[in-house]
Amino acid sequence: TREDYRFSLSIGVLESPEAAAAQAVEFSERGIFDYKLKIKPGKDAPYARAIMEAVPTARLMVDANASYELDDETLALHKELDTLGLFCIE
């Protein structure tokens with residue numbers, strides 16, 4: 001039998017980066033450190049950054065649900081997100 005499990009929880013598109021960070025902190029207080037952050041244009045890198053600053057031990061992935069076009073702006077966003085040490089960009 002397996003004695004430890006890693007749970008992950010989703011953080012939806014919230015009203016502010018601070019709200020996303022607060023939700024991550026709440027999850028971390030329950031012992032959950034793996035998060036999937038839903039992002040969309042205008043609600044992306046600052047949200048991920050706020051979570052990583054609030055919970056440095058987080059294992060964070062972001063999910064854009066095909067909200068972006070493949071263009072220079074999106075590639076710049078991916079480079080910025082990459083500096084945060086994300087587990088995955090979907």
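All values below were derived from every heavy atom in this structure, side-chain atoms included, with hydrogens, water molecules and symmetry-related copies excluded. This structure is a prediction, so every number in the text was calculated from the model and none was measured.
To the nearest 0.5 Å, atom OG of residue S8 and atom OH of residue Y35 are 10.5 Å apart. The line from CG of L81 to CE of M52 is 11.5 Å long, rounded to the nearest 0.5 Å. Atoms CG and CG, on L37 and L86 in that order, are 9.0 Å from each other to the nearest 0.5 Å. One distance of note links CG of D34 with OG of S10; it measures 11.5 Å at 0.5 Å rounding.
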Validation: residues 56-65 side-chain donor-acceptor distances under 3.5 Å, sequence neighbours left out:
residue	atom	partner	partner atom	Å
D63	OD1	N65	N	3.0
D63	OD2	K36	NZ	3.4
D63	OD2	K38	NZ	2.9

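With sequence neighbours excluded, the residues that form a side chain to side chain contact (heavy atoms under 4.5 Å, CB included) with A19 are L14, E15, S16.
Between the side chain of S28 and the backbone N or O of V55, no donor-acceptor pair lies under 3.5 Å.
If you chain together hydrophobic residues whose side chains sit under 4.5 Å apart, L84 and F87 never meet in one group. Both I32 and Y47 sit in one connected hydrophobic cluster of ILVMFWY residues. Membership requires side-chain heavy atoms under 4.5 Å apart, directly or through other members.
The side chain to side chain donor-acceptor pair (under 3.5 Å) contacts involving residues 75-88 comprise R49-E80, where partners must be two or more places apart or lie in separate chains.
F27 is listed as a side-chain neighbour of I11, based on a closest heavy-atom distance under 4.5 Å.
Nearest approach of A45 to L77, heavy atoms of both residues: CB-CD1, 3.9 Å. Nearest approach of P46 to P17, heavy atoms of both residues: O-CB, 3.6 Å. Among all heavy-atom pairs drawn from A54 and V25, the shortest one is CB-CG2, 3.8 Å.
For D72, the CG atom counts as loosely surrounded, since its 6.0 Å shell holds 12 or fewer non-hydrogen atoms of other residues, nucleotides or ligands.
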